[in-house]
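One structure is given here, and the rest of the page talks about it.
Remember, it's 1-based here, ligands and their atoms both numbered in the order they're listed.
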Amino acid sequence: MSEIQERYTAVLQKIARAAEGAGRSPDEITLVAVTKTWPAETIVAAYKAGLRHFGENRAEELAEKRPLVTAQLGSDSGIVWHFIGALQSRKTKLVAEHADVFHALDRLKIANRLAAQRAEYGLAPLPTFIEVNVSGEASKAGFDCTRWEESATQQQKIRTVVQTVCDSPALTLAGLMTMAPWEAPPHEIMTIFQRTRRLAAWLQAEMGRQRPLQLSMGMTDDFELAIAAGATHVRIGRALFGERTAH
Ligand SMILES: *Cc1c(COP(=O)(O)O)cnc(C)c1O
């Protein structure tokens with residue numbers, strides 16, 4: 001087995017164990033392989049090992065690598081490209097053109113630009129996760145939901161964001177995305193993920209939606225906790241590809 005195959009197998013086993021421990025099916029969980037900083041060849045190798053979902057956090061990197069990978073594997077490879085990073089408004093065009101799923105909507109302005117550009121390109125509506133900050137860590141991006149359970153202001157704001165995405169013909173609401181604090185003990189991380197899941201359930205009820213919102217949460221160091229708390233998408237880089245040398 002290649003190294004990537006070995007790592008992929010180990011991650012799949014951990015996902016399966018975490019899901020089963022929580023009484024969930026591993027099929028409910030999408031593994032997004034985070035390939036930021038790695039070259040297109042790494043993505044091709046991961047594809048050959050069986051991975052199909054890839055995540056990038058820089059718009060230029062996505063726009064550069066997707067065509068390179070498509071040139072090698074064809075446009076019917078079945079790859080789904082996820083943009084997972086903070087997006088600056090002057091770079092929305094790259095994401096509107098090259099992403100299949102967007103995980104990090106953190107400002108309404110970005111939603112409006114993406115929607116207009118997606119429509120311009122004539123592409124299918126972009127599934128969009130709204131990034132929420134429930135931990136209160138200053139470094140964390142996302143809409144402020146640090147006190148969503150008691151703050152009518154925060155509830156009103158996040159409802160408006162959800163409504164904006166739902167009302168946009170060029171976006172579809174995928175769910176919520178969050179990041180846990182970097183160095184918190186497991187029980188604190190678990191609480192962050194659980195509060196995010198409850199926020200998703202609350203929003204679903206508020207909006208009278210049939211389908212549950214999906215939850216993009218969990219990275220190399222905390223994906224098992226995230227799965228226990230209900231994650232449907234885990235974004236994993238280092239456990240699959242090893243340590244990154246750049247950003
Ligand atoms: C880099 C990154 C990940 C993956 O992190 P690892 O610790 O390598 O698993 C997940 N989500 C986002 C938003 C990232 O930028």
**Request:** Any chance you could lay out the side chain to side chain donor-acceptor pair (under 3.5 Å) test for His103 and Ser216, step after step, and finish with the verdict?
**Result:** CA-CA 7 Å; His103 286 246; Ser216 171; 2.8 Å; yes
**Request:** Decide yes or no on side chain to side chain donor-acceptor pair (under 3.5 Å) for Lys91 and Gln88, but give the supporting numbers first.
**Result:** CA-CA 6 Å; Lys91 295 182 182 163; Gln88 293 165 281; 3.1 Å; yes
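A donor-acceptor pair is defined here as one N or O able to donate and one able to accept, closer than 3.5 Å; no such pair exists between the side chain of Glu206 and the backbone of Leu203.
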Which protein N or O atoms sit under 3.5 Å from any N or O of ligand 1? Give atom names and distances.
unit_1, atom_1, unit_2, atom_2, d
ligand 1, 7 (O), Arg238, NE, 3.0
ligand 1, 7 (O), Arg238, NH2, 2.8
ligand 1, 8 (O), Arg238, N, 2.9
ligand 1, 8 (O), Arg238, NE, 3.4
ligand 1, 8 (O), Arg244, NH1, 2.7
ligand 1, 8 (O), Arg244, NH2, 3.2
ligand 1, 9 (O), Thr220, N, 2.9
ligand 1, 9 (O), Thr220, OG1, 2.5
ligand 1, 9 (O), Gly237, N, 2.8
ligand 1, 11 (N), Arg235, NE, 2.9
ligand 1, 15 (O), Lys36, NZ, 2.7

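The residues Glu20 and Arg24 are annotated as not salt-bridged, no charged nitrogen and carboxylate oxygen being separated by less than 4.0 angstrom. Under the 4.0 Å criterion applied to side-chain N and carboxylate O atoms, Glu56 and Arg66 are not assigned as salt-bridge partners.
For the pair Arg52 and Tyr47, the cation-pi criterion (under 6.0 Å, within 45° of the ring axis) is fulfilled.
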